[in-house]
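In what follows, a structure is listed as structure tokens, so that the remarks can point back to it.
All values derive from a computational prediction rather than experimental measurement.
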Protein chains: 2
Amino acid sequence: MDLSLEADKRIRASHRRMTPQRRIILETLDALDIHPTAEELLGRVQEVDSSIHLSTIYRTLRWLEAEGLVQARIFNDDRRAERFDPAAPGEHYHFVCQECHAVIEFNNLLVNAIKAQFELHTGARVDFGSVVLYGLCGDCRKALLAEAG
Amino acid sequence: MDLSLEADKRIRASHRRMTPQRRIILETLDALDIHPTAEELLGRVQEVDSSIHLSTIYRTLRWLEAEGLVQARIFNDDRRAERFDPAAPGEHYHFVCQECHAVIEFNNLLVNAIKAQFELHTGARVDFGSVVLYGLCGDCRKALLAEAG
DNA sequence: TCCTTATTGCAAATCATTTGCAACTATCAT
DNA sequence: ATGATAGTTGCAAATGATTTGCAATAAGGA
Ligand SMILES: [Mn+2]
Ligand SMILES: [Mn+2]
Ligand SMILES: [Zn+2]
Ligand SMILES: [Zn+2]
């Protein structure tokens, strides 16, 4: 309901067109709480309209990315594919469970300190940072302990 | 000279074979200070023996990765290709200049605090972390200031 | 020196994403 | 409403990155 609305606004502002395909893709993205690959998103979208093609998914995602409404990221998980993050505005960080592949978002102000220290030490300007932690999520950790421990 | 030696040791320990191709690839990796893609590494390797094939590069890199002697990472730079980091043992972090695409390594103990805080808040177990900062390196920043401002 | 079997080069396959194009359709001006 | 204009779609083929099957080759131990 949020990304959908903002995208709608920007489509109207430029001379683009709101098509049924785009509407379905946007609404599907809104309803998702995960970070889907293009193919995963296609699967969800095709539950509503099975004629929508993968290339339309990509074209819509790339436009949203250019608008700053989603971010594409690649995690070091099993897939080598890009995952699309609809919660774009506002930097946040990720934990990836290497067992169940769940992605958990988090925030931590210490990242700002890391950026500042790097800038001081090197004279560089840091525009944004990516932090990804890998390990076992709470659930998988419990499951492992219960089973083998 | 370092990775070469360690790899040599492990080859001898298992029942693998030290071939001239592998020796050249290992020595080239040792001499590099950058984080090459497979193709970039191939270029350097072919300066010594132009008959060495890309698939041999990949096979050697994947073996080194399995041995924990290099790490494969994907940065959000212009290429979508994996970059291979020979400085594997010991976690360290990266800055990527979005102008000249230079990669600068750094370390910061605050990352440990971030990991610890995440573990406390979620009950997860964090095994390792990836931190990549993006921006303008010191040189590119100076160049930009001198030119436009 | 000979055998065994790991390794190589090459071509073809696979995976993820992009692009060209003809058919289609949203939007706007009659 | 109707038609013209130009953005958009589905599909197939192209591209870029990496992997795999296979026959020929060559390490390294007997
Ligand atoms: Mn996210
Ligand atoms: Mn590194
Ligand atoms: Zn898990
Ligand atoms: Zn730079």
Side-chain angles (χ1 to χ4, degrees), chain A residues 4 7-26 28 35-43 45-46 48-67 70-85 101, chain B residues 4 7-26 28 35-43 45-46 48-67 70-85 101:
Chain A
S4 245
D8 203 275
K9 197 179 302 178
R10 302 204 190 185
I11 283 176
R12 237 162 281 285
S14 61
H15 44 121
R16 293 172 167 274
R17 292 170 190 179
M18 177 51 68
T19 64
Q21 292 91 329
R22 282 213 250 247
R23 203 182 312 277
I24 293 169
I25 293 171
L26 289 168
T28 306
H35 297 68
T37 63
E39 290 227 337
E40 285 166 359
L41 180 56
L42 178 69
V45 159
Q46 287 188 336
V48 180
D49 178 345
S50 67
S51 73
I52 295 180
H53 199 273
L54 184 57
S55 62
T56 301
I57 301 279
Y58 273 111
R59 283 189 277 235
T60 302
L61 285 170
R62 291 305 174 207
W63 174 71
L64 288 168
E65 192 184 10
E67 290 291 317
V70 311
Q71 282 183 6
R73 14 179 62 108
I74 300 181
F75 298 122
N76 278 52
D77 57 0
D78 49 339
R79 323 276 295 94
R80 198 190 325 289
E82 287 175 292
R83 293 187 168 276
F84 296 88
D85 191 342
H101 302 116
Chain B
S4 244
D8 203 278
K9 197 179 303 179
R10 301 203 191 185
I11 283 177
R12 236 162 280 285
S14 60
H15 45 121
R16 296 173 165 274
R17 291 168 190 180
M18 177 51 67
T19 65
Q21 292 92 327
R22 283 215 249 249
R23 203 181 312 278
I24 292 169
I25 293 171
L26 289 168
T28 305
H35 296 68
T37 63
E39 290 227 336
E40 285 166 359
L41 180 57
L42 178 70
V45 158
Q46 287 188 338
V48 182
D49 178 345
S50 67
S51 74
I52 294 181
H53 198 274
L54 184 57
S55 62
T56 301
I57 300 280
Y58 273 111
R59 283 189 276 236
T60 302
L61 285 171
R62 293 303 175 206
W63 174 71
L64 287 168
E65 193 184 9
E67 290 291 318
V70 310
Q71 281 183 7
R73 13 178 63 107
I74 300 181
F75 297 122
N76 278 49
D77 58 359
D78 49 340
R79 325 268 306 90
R80 197 193 325 289
E82 286 175 293
R83 294 187 166 276
F84 295 88
D85 191 341
H101 302 117

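Residue B:L42 contributes atom CG, which lies 14 Å from atom P of C:dT8 at whole-angstrom precision. Atom-to-atom, NE2 of A:H15 to P of C:dC28 comes out at 12 Å; the value is rounded to the nearest Å. Between the CZ atom of A:R83 and the P atom of C:dA16 there is a distance of 10 Å, given to the nearest Å. The CZ-C1' distance, from B:R23 to C:dT8, rounds to 16 Å in whole Å.
Checking C:dG9, D:dT18, C:dA6 against the side-chain heavy atoms of B:Q21 singles out C:dG9 as nearest. Closest contact between the side chain of A:P20 and the listed nucleotides C:dA26, D:dG7, C:dA16 involves C:dA26.
Mapped onto DNA chain D by nearest heavy atom, B:M18 and A:S51 fall at different nucleotides, with A:S51 at the one closer to the 5' end. Summary of the strand contacts: B:R16 and B:A81 both lie near DNA chain D, and taking for each the nucleotide with the nearest heavy atom, the more 5' one is attributed to B:A81.
Within 3.5 Å, a donor on the side chain of B:R17 pairs with an acceptor on the base of C:dT5, or the reverse.
Interface residues of residues 53-62 of chain A facing DNA chain D, ordered by number: A:H53, A:S55, A:T56, A:R59; criterion, heavy-atom separation under 4.0 Å.
Closest approach of B:L26 and B:S4 over heavy atoms only: CB-OG, 3.5 Å. In terms of heavy-atom proximity, A:H101 sits nearest to A:D77 at CD2-CB, 4.2 Å. Across all their heavy atoms, A:N76 and B:A72 have their closest contact at ND2-O, 3.5 Å.
A donor-acceptor contact closer than 3.5 angstrom is absent between the side chains of A:S14 and A:R10.
For A:T19 and D:dG7, the shortest distance from a side-chain N or O to OP1 or OP2 is not below 4.0 Å. OP1 or OP2 of D:dA17 lies within a sub-4.0 Å distance of a side-chain N or O belonging to B:R79.
With contacts defined as side-chain heavy-atom distances shorter than 4.5 Å, the pair B:R83/B:E40 qualifies.
Between B:E67 and B:K9, none of the side-chain N atoms (NZ, or NE/NH1/NH2) sits under 4.0 Å from a carboxylate O, so this pair counts as no salt bridge.
Heavy atoms of A:E39 sit nowhere under 4.0 angstrom from any nucleic acid atom.
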